[in-house]
**Student:** 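Can you read through this structure? Questions will come right after.
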There are 2 protein chains.
Amino acid sequence: MTPVKSRVTVVGSGNWGSVAAKLIASNTLRLNSFHDEVRMWVYEEKLPTGEKLTQVINRTNENVKYLPGVKLGKNVVADPDLENAVKDANMLVFVTPHQFMEGICKRLVGKIMPNAEAISLIKGMEVKKEGPCMISSLISDQLGVNCCVLMGANIANEIAVEKFSEATVGYRKDKQTADQWVHLFNTSYFMVSAVQDVEGVELCGTLKNVVAIAAGFVDGLDMGNNTKAAIMRIGLREMKAISKLLFPTVKDSTFFESCGVADLITTCLGGRNRKCAEAFARNGGKRSFDELEAEMLQGQKLQGVSTAKEVYEVLSHRKWLELFPLFSTVHEICIGQLPPTAIVKYREQPPKFSIVEGSIQFF
Amino acid sequence: MTPVKSRVTVVGSGNWGSVAAKLIASNTLRLNSFHDEVRMWVYEEKLPTGEKLTQVINRTNENVKYLPGVKLGKNVVADPDLENAVKDANMLVFVTPHQFMEGICKRLVGKIMPNAEAISLIKGMEVKKEGPCMISSLISDQLGVNCCVLMGANIANEIAVEKFSEATVGYRKDKQTADQWVHLFNTSYFMVSAVQDVEGVELCGTLKNVVAIAAGFVDGLDMGNNTKAAIMRIGLREMKAISKLLFPTVKDSTFFESCGVADLITTCLGGRNRKCAEAFARNGGKRSFDELEAEMLQGQKLQGVSTAKEVYEVLSHRKWLELFPLFSTVHEICIGQLPPTAIVKYREQPPKFSIVEGSIQFF
């Protein structure tokens, strides 16, 4: 008896969603354990030509709006009907803007296969005062499915043209399912590995944006590579520390993976958070982030500034502000309470504490 | 009874040695546990003006040859006589080019205080087939003293102008001595912390140069930040893995310190190893490193290429080549056996092994 083949649907079709569909489609053709066809749910739009986006994708194999010039593969089928797109799939890939996920989950309750597995590629969940609202938990809870995550140093346009990159799958318990996701995504230019740490992997994807703001300040102050490297390192330490305090199961080793140090490096070298923060510091904090964002990002949104605020609320609520000098300083600079130069003014001694199994130990 | 004050001598007066003397001199003035005066051994040179270098340093408080424009502090005393410089010091800071250390140690046998403590700031020890020849071990063995190390993301000229930076002290057993070194170096813009891992800290300082060569290739191939971040991460993983195989006491956490991830970032962003490797890749490997070094570095030497060769010999000798695809590929590219593009061609799966207490476990 041959094992049943898996069917994959990608929920989302933006820049990164389209690249994910391309990666997956190359593997479903190649591997026997998957049906060739990859269904991609597309939020229908009418193009300036009068045609519908799904029709153009299905005719040209290109997402002309969000990933022009790149062939997705003939086995990618764009589908404007969300329920129809997911109904036969036992592997669901979620890759939409995070603010849409709650609505999408509500629409999908009772509409997916009972044995379906999910993975979230969505970066930037919200950090609420009581703790982060993980997108993977939202999906798990609402749809009653196991949900992995995939994060990493993943600039969609670079992976689209098959430049070498890596990614990390975070899973909760089921290593076999994690391996199946690795097989589905892994290619010769996109190296994927799995770690048993959903929260660690997912938190990296959000918290790095706060560090990128700090790195941008350093660039704007013309402090040089040395200072920038120090700030990135302190940022990585604080990412690790807060993750472990919020989720004692988070592992140190996760921060050595692509989702940790590599994504942090990419984000602090390029990226819009860094860029706007550089401009903010060059203007001595006299022009607000809202103003710079409107001017520089053509409608794209800055996540680092709002994440910094959310993280500050958590730290303040739990009385951890002093333990996280970089995170708290970033927010205080963003709101104009401190000048940008404060990013490199630390007390002479680093905080005298360590985190052991999710609790703080002072020494 | 007041405790005996420590006397510090800096052995070496190049670019980094002069900055180290400046950092130390600001602290010996400020802290009661140290004598104000910091003696600095200077290899005597005659300047074009006809004056001796030590005389000019002592008159102007500036190392006009190796750190022009920066005041070292009036309490820094340049001394051309090595034996005289060390004879009263119980804290010896070694910061010379590594190839001079063997000769200096020979001259110092029996000439230092019996209770002296040493620290090495020397990056780039040699990696011999049987294992690395640690400078800290050379100093310990030859002089019969305890020897710490100080490494980190430390571009001398940036620290000289008091730009924010960090460093890591590695110590073997004696935490109290390590803390004394931290006090001696730590300032508001130079944040030092100590970890119990001499070998881990010291190996970081050498191995990062191999990764910088890889990062330079990626730059020369115009692969983008995403690929560069991935290569840096794989490099960090291999630095960690080889260090743990060579010295089972090496700790994972050391690679999160300034000597690890931060120094790696600085070196892969700027630095001469990266720069020459970029030129090498742009020329498709058709011009040798010797040629590029002569043309681009005005007499400075490239450490990454020779370290890559030394590391390759260790890997080959121990039959570990397959476990370290990045390190081995860097060397094979350097000697023209592979094209620069090979830096991003890995097998589809990362090596299936982990290192537990210094031995390899396959799974």
Side-chain angles (χ1 to χ4, degrees), chain A residues 152-159 161 163-167 182 186-193 218 221-234 236-237 240 252-253 255-271 341 343-350 354, chain B residues 152-159 161 163-167 182 186-193 218 221-234 236-237 240 252-253 255-271 341 343-350 354:
Chain A
N154 300 150
I155 300 174
N157 288 328
E158 295 189 7
I159 299 165
V161 295
K163 287 187 175 172
F164 179 74
S165 181
E166 293 187 304
V182 170
N186 195 72
T187 72
S188 59
Y189 60 89
F190 191 70
M191 263 175 55
V192 185
S193 47
V218 173
L221 296 166
D222 292 317
M223 302 289 290
N225 289 338
N226 222 8
T227 303
K228 189 166 173 180
I231 291 299
M232 288 165 67
R233 188 200 81 80
I234 296 171
L236 185 64
R237 185 184 66 191
K240 184 154 68 80
D252 281 352
S253 54
F255 298 83
F256 283 126
E257 298 293 334
S258 176
C259 62
V261 64
D263 196 10
L264 180 72
I265 292 170
T266 304
T267 311
C268 289
L269 294 187
T341 50
I343 198 62
V344 291
K345 303 256 163 64
Y346 292 95
R347 282 171 304 282
E348 287 201 14
Q349 289 295 330
S354 68
Chain B
N154 299 149
I155 300 173
N157 288 327
E158 295 189 7
I159 300 165
V161 294
K163 287 186 176 174
F164 178 74
S165 181
E166 293 187 303
V182 169
N186 196 71
T187 71
S188 59
Y189 60 90
F190 191 71
M191 262 173 57
V192 185
S193 47
V218 173
L221 297 166
D222 292 317
M223 302 291 289
N225 288 338
N226 222 10
T227 303
K228 189 166 173 180
I231 291 298
M232 288 165 68
R233 187 200 83 79
I234 295 171
L236 185 64
R237 185 184 66 193
K240 185 154 67 79
D252 281 351
S253 55
F255 298 82
F256 283 125
E257 298 294 333
S258 177
C259 62
V261 63
D263 196 11
L264 181 72
I265 292 170
T266 303
T267 311
C268 290
L269 294 189
T341 50
I343 198 64
V344 290
K345 302 255 163 64
Y346 292 96
R347 284 172 303 283
E348 290 202 11
Q349 289 295 329
S354 68

**Student:** Kindly compute the distance separating CG (A:Asn225) from OG (B:Ser165), expressed to the nearest 0.5 Å.
**Tutor:** 11.5 Å
**Student:** Looking only at non-hydrogen atoms, find the nearest pair between A:Arg233 and B:Phe256 and report the distance.
**Tutor:** NH1-O, 2.8 Å
**Student:** Not counting sequence neighbours, which residues clear side chain to side chain contact (heavy atoms under 4.5 Å, CB included) with A:Ser253? List them please.
**Tutor:** A:Lys251
**Student:** With sequence neighbours excluded, what pairs up with B:Asn157 under the side chain to side chain contact (heavy atoms under 4.5 Å, CB included) test?
**Tutor:** B:Asn15, B:Leu67
**Student:** So which part of A:Tyr189 gets closer than 4.5 Å to some heavy atom of chain B, the side chain, the backbone, both or neither?
**Tutor:** neither
**Student:** Taking side chain as everything from C-beta outward and backbone as N, CA, C, O, which of these in B:Met223 sits under 4.5 Å from a heavy atom of chain A? Side chain, backbone, both or neither.
**Tutor:** both
**Student:** Look at A:Ala153, A:Gly152, A:Gly271 and state which one has the largest set of heavy-atom pairs under 4.5 Å with chain B.
**Tutor:** A:Ala153
**Student:** If I measure from the heavy atoms of chain A, does B:Leu236 come under 4.5 Å with its side chain, its backbone, both, or neither?
**Tutor:** side chain
